[in-house]
Amino acid sequence: MSSASPQPEEAAAPAGSPSEFLKNIVGKRVKVKIGSGVDYHGLLTCLDGYMNVALEDTEEWANGRKTAEYGDCFLRGNNVLYISALEDL
C-alpha cells in the first residue's frame, strides 16, 4: 500500500520575516541608510532582489540635518545597509 505524500505548496514567507517586511513597506515612507552614513527618507516605490531601492519625495540626511531634497531617487543595492519603516505597517 503506497501512501501519497502531499504536494508541496508554493513557499510563503513566514510572518515577521525580512521578506514579509519588505513586501509590506512598499508604498510607505521609509528610511534607507547607505554605507557612507547618509540616510534617505522617502516613499518606497520599488524594491528588487538586489536591494536596489526607488524612492519618491526623497530627503537626504547627513549628521542629523537635512542636506538635500530630491523628487525621485534610486539607490543601488550594494550601498544599502538597512531599510526601516517611518510609519506604522
Side-chain angles (χ1 to χ4, degrees):
M1 193 167 158
S2 69
S3 79
S5 57
Q7 294 294 326
E9 294 181 19
E10 189 174 311
S17 71
S19 296
E20 189 67 23
F21 171 75
L22 293 172
K23 287 178 192 173
N24 288 334
I25 62 171
V26 174
K28 308 278 189 197
R29 292 205 48 84
V30 297
K31 174 171 88 169
V32 181
K33 182 175 254 340
I34 63 170
S36 66
V38 176
D39 294 337
Y40 291 88
H41 299 189
L43 181 68
L44 180 64
T45 56
C46 188
L47 176 71
D48 69 11
Y50 295 102
M51 294 298 288
N52 294 319
V53 175
L55 300 173
E56 290 181 356
D57 301 323
T58 309
E59 300 173 342
E60 181 181 78
W61 289 76
N63 300 319
R65 56 187 240 286
K66 185 165 53 171
T67 55
E69 291 186 17
Y70 307 104
D72 296 331
C73 178
F74 181 80
L75 301 171
R76 190 168 173 203
N78 67 331
N79 294 313
V80 174
L81 292 180
Y82 68 80
I83 302 173
S84 62
L86 291 177
E87 60 185 70
D88 292 336
L89 302 179

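For the numbers below, each heavy atom of this structure counts, side chains included, while hydrogens, waters and symmetry mates do not.
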Between Ala62 and Val38, what is the shortest heavy-atom contact and its length?
CB-CG2, 4.3 Å
ring-ring contact (aromatic ring centres under 6.0 Å, His included) contacts in which one or both residues fall within residues 69-89, not counting sequence neighbours:
none
With the side chain counted from C-beta on, respond yes when Val53 and Val30 share a heavy-atom pair under 4.5 Å apart, and no when they do not.
no
Do you know which two heavy atoms are closest between Ile83 and Met51, and how far apart they sit?
CD1-CE, 3.5 Å
Pick one: which of Asp72, Leu44, Thr45 meets side chain to side chain contact (heavy atoms under 4.5 Å, CB included) with Leu55?
Leu44
Mind checking side chain to side chain donor-acceptor pair (under 3.5 Å) for Thr67 and listing every partner two or more places apart, or none if nothing turns up?
Glu60
Looking at Lys33 and Asp39, what are the two nearest heavy atoms and their distance?
NZ-OD1, 2.9 Å
Here the salt bridge (Lys or Arg N to Asp or Glu O under 4.0 Å) pairs for residues 76-89, sequence neighbours left out, are none
If you look only at pairs with a residue in residues 29-67, which of them pass as a ring-ring contact (aromatic ring centres under 6.0 Å, His included), with sequence neighbours excluded?
His41-Trp61
Linking I/L/V/M/F/W/Y whenever any side-chain heavy atoms sit under 4.5 Å apart, do Leu81 and Leu22 land together?
no
Can you list the residues that meet the salt bridge (charged side-chain N to carboxylate O under 4.0 Å, His left out) rule with Glu69, with sequence neighbours excluded?
Lys66
Quick one: do Phe21 and Val32 end up in the same hydrophobic cluster if we chain Ile, Leu, Val, Met, Phe, Trp and Tyr together by side-chain heavy atoms under 4.5 Å apart?
yes
Restricting to side chain to side chain donor-acceptor pair (under 3.5 Å), what partner residues turn up for Asp48, sequence neighbours left out?
Asn52
